[in-house]
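These numbers come from a predicted model, not from an experiment.
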Amino acid sequence: MRPPSDVHRLLDVHHLLKAFEGRPAAVSAPAPDPVNLPMIRHWCEVMGDAGPAYTGDDAIAPPTMLQAWTMPGLSGASSARTPAYDELFALLDGAGYAAVVATDCEQEYVRPLRPGDRLTFDTVIETVSPRKTTKLGAGYFITTMMRVRAAGELVGTHRFRILKYAPAPVQPQAPVQPPAPVQPPEPDRPTHPTRPRPVINRDNAPFWEGVAAHKLLIQRCTACGTLRFPWLPGCGRCGSPAWGTVEACGSGTVHSYVVMHHPPFPAFDPPYAVALVELAEGVRMISNITGVPYDGVRIGMSVELEFIRVDGEWELPVFRAQSAGPEGAAE
């Protein structure tokens with residue numbers, strides 16, 4: 001692998017990469033396993049998806065598992081893969097574009113998958129973009145299209161895009177300057193970077209209106225009664241777009257948490273804990289935990305809702321620790 005280089009010193013190989021467009025990357029590749037209930041159960045447990053359609057004698061697989069059925073495992077080896085993909089990567093690696101990052105995907109679901117379905121898939125190298133300069137470095141966006149079939153019938157498609165790039169050179173740090181004299185802050189100007197603001201739209205505006213009134217509102221489907229959080233335009237259980245709200249009582253427990261050390265964000269002071277809180281009503285939400293240091297948060301800890309003011313007029317719902325959980329006592 002070449003060291004990070006200036007983009008102008010890298011060879012632009014787009015004219016060579018265009019020849020790979022339309023070439024197959026996999027042909028009639030068999031999925032490693034048939035669609036099966038254990039994998040469906042494990043997926044739903046990890047995702048926290050208790051949809052009734054995924055259990056019982058007539059269970060179907062969650063549609064978003066489409067790619068999971070085709071993945072070869074940790075070895076990454078697939079006997080059905082054609083040389084085209086390896087040749088494409090070898091060309092890019094040799095030209096200095098050796099790093100890779102996934103950027104996005106699009107999926108289409110034609111029909112539900114059921115336990116016992118045996119899948120095959122074909123993958124084609126759809127497009128290779130002209131060279132682009134990104135914050136990560138200069139490189140090429142490669143898009144592949146996978147068509148998944150069961151007994152020859154198309155059941156779904158998976159368009160996947162990656163960036164093959166040469167990492168941007170690390171900028172040398174500026175020499176340390178002597179500290180400037182401390183000046184008193186100007187009136188009405190924040191002395192700390194402000195927190196990122198959420199995107200407020202017609203689907204979630206009532207939630208933020210509730211926060212402004214110190215109410216934590218949960219959506220409730222008026223057709224089937226299912227509670228949901230975060231806010232969505234339709235019910236994930238029955239599909240109805242009709243909804244009302246239920247005000248959360250404010251009690252909850254820490255279902256899981258992580259301690260953020262890196263990367264640093266200007267408005268936050270690491271390390272800090274980010275928790276997945278299970279509300280008494282049964283839904284879960286991500287929030288901060290107050291009242292204990294970051295290393296005092298515990299799974300199972302009882303928490304209570306409170307609202308904190310940040311950046312002047314901005315308020316957020318957070319949860320204050322009330323007691324220790326099964327993992328141990330809070331400090």
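- No donor-acceptor pair under 3.5 Å is formed between the side chain of D86 and the backbone N or O of P83.
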Requested in this report: Could you walk me through whether M146 and T70 pass side chain to side chain contact (heavy atoms under 4.5 Å, CB included), step by step?
Outcome: CA-CA 10 Å; M146 175 190 294; T70 69; 3.7 Å; yes
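- Put simply, SG on C105 and CD1 on I162 are 13.0 Å apart, with the number rounded to the nearest 0.5 Å.
- Without hydrogens or angle criteria, E281 side chain to C249 main chain gives a donor-acceptor distance under 3.5 Å.
- Neither V110 nor V124 shares a network with the other; the hydrophobic side chains, linked directly or stepwise wherever heavy atoms of I, L, V, M, F, W or Y lie under 4.5 Å apart, form separate groups for each.
- Using a 4.0 Å cut-off between charged side-chain N and carboxylate O, D104 and R161 make a salt bridge.
- When hydrophobic clusters are built by joining Ile, Leu, Val, Met, Phe, Trp and Tyr residues whose side-chain heavy atoms come closer than 4.5 Å, directly or via intermediates, L154 is not grouped with V148.
- At least one side-chain heavy atom of D12 sits less than 4.5 Å from a side-chain heavy atom of Y140.
- N204 places no side-chain N or O within 3.5 Å of a backbone atom of F207 that could act as its donor or acceptor partner.
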Requested in this report: Decide side-chain hydrogen bond (donor to acceptor under 3.5 Å, both in side chains) for T157 and Q107; before the verdict, give the C-alpha distance in whole Å, the side-chain angles of both, and the deciding distance to 0.1 Å.
Outcome: CA-CA 6 Å; T157 64; Q107 293 187 337; over 6 Å; no
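- A heavy-atom distance below 4.5 Å is found between the side chains of R159 and T143.
- Taken to the nearest 0.5 Å, the CG atom of L113 stands 5.5 Å off from the CG atom of L119.
- For the pair I289/V277, a side-chain contact is recorded, criterion being any heavy-atom separation below 4.5 Å from C-beta on.
- No side-chain heavy atom of F141 sits under 4.5 Å from any side-chain heavy atom of T127.
- Side-chain contact check for N36 versus W69: some heavy-atom pair is nearer than 4.5 Å.
- Within 6.0 Å of the CZ atom in R114, the count of heavy atoms belonging to other residues, nucleotides or ligands exceeds 12.
- Looking at every heavy atom in both residues, A223 comes nearest to C238 through CB-SG, 4.0 Å.
- Y165 contributes no side-chain N or O that, together with a main-chain N or O of L136, makes up a donor-acceptor pair within less than 3.5 Å.
- Using a 30° and 60° split on the angle between ring planes, Y294 and H261 fall in the perpendicular class, above 60°.
- Rounded to the nearest 0.5 angstrom, Y54 OH and I60 CD1 are separated by 5.5 Å.
- Taking all atoms of both residues into account, the shortest heavy-atom contact from R131 to Y97 is NH1-OH, 2.9 Å.
- Nearest heavy-atom pair, V35 versus A61, reported as atom, atom and distance to 0.1 Å: CG1-CB, 4.2 Å.
- Taking CE of M65 as the reference point, atom CE of M47 lies at 9.0 Å (rounded to 0.5 Å).
- Panel note: side chain S287, backbone P317; a donor-acceptor pair is recorded below 3.5 Å.
- Residue V297 comes nearest to A273 through the heavy atom pair CG2-CB, 3.7 Å, listed as atom of the first residue, atom of the second, then distance.
- Side-chain atoms of W231 and T245, non-hydrogen and from C-beta on, do get closer than 4.5 Å to each other.
- No donor-acceptor pair under 3.5 Å is formed between the side chain of N288 and the backbone N or O of V274.
- Inter-residue side-chain proximity for M260 and P270 is flagged as unmet; no heavy-atom pair is nearer than 4.5 Å.
- Enclosure of atom CZ in R228 by more than 12 non-hydrogen atoms of other residues, nucleotides or ligands within 6.0 angstrom is indicated.
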Requested in this report: Step by step, work out the side chain to side chain contact (heavy atoms under 4.5 Å, CB included) result for T123 and Y85.
Outcome: CA-CA 10 Å; T123 305; Y85 207 65; over 6 Å; no
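- Here CD of E278 is found 13.0 Å from CE of M285. Values are rounded to the nearest 0.5 Å.
- Scanning all heavy atoms of the two residues, the minimum distance from E315 to A212 falls at OE1-O, 4.3 Å.
- Considering all non-hydrogen atoms of both residues, A248 and I218 come closest at CB-CD1, 3.9 Å.
- L163 and V128 are assigned to two separate hydrophobic clusters, defined by single-linkage of ILVMFWY side chains at heavy-atom distances under 4.5 Å.
- Residues I142 and L11 share a hydrophobic cluster, clusters being chains of Ile/Leu/Val/Met/Phe/Trp/Tyr side chains in contact below 4.5 Å.
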Query - side chain to side chain contact (heavy atoms under 4.5 Å, CB included) evaluation trace for L91 with F20 - result: CA-CA 11 Å; L91 174 58; F20 288 88; 4.0 Å; yes
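- Classification of the Y272-F268 ring pair by plane angle, with boundaries at 30° and 60°, yields parallel.
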**Report entry** Criterion side chain to side chain contact (heavy atoms under 4.5 Å, CB included) on F319 and L216, from CA distance to verdict
**Finding:** CA-CA 11 Å; F319 290 87; L216 182 61; 4.2 Å; yes
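- Taken to the nearest 0.5 Å, the CZ atom of R147 stands 13.0 Å off from the OG1 atom of T120.
- By the rule that hydrophobic residues join a cluster once side-chain heavy atoms approach within less than 4.5 Å of another member, M39 and M71 end up as members of separate clusters.
- Formation of a donor-acceptor pair under 3.5 Å by the S302 side chain with backbone atoms of Q322 is not found in this model.
- Residues P30 and R118 fail the side-chain proximity criterion, which asks for heavy atoms closer than 4.5 Å.
- Although no hydrogens or angles enter the test, the distance criterion places a donor-acceptor pair under 3.5 Å between the side chain of R197 and the main chain of R195.
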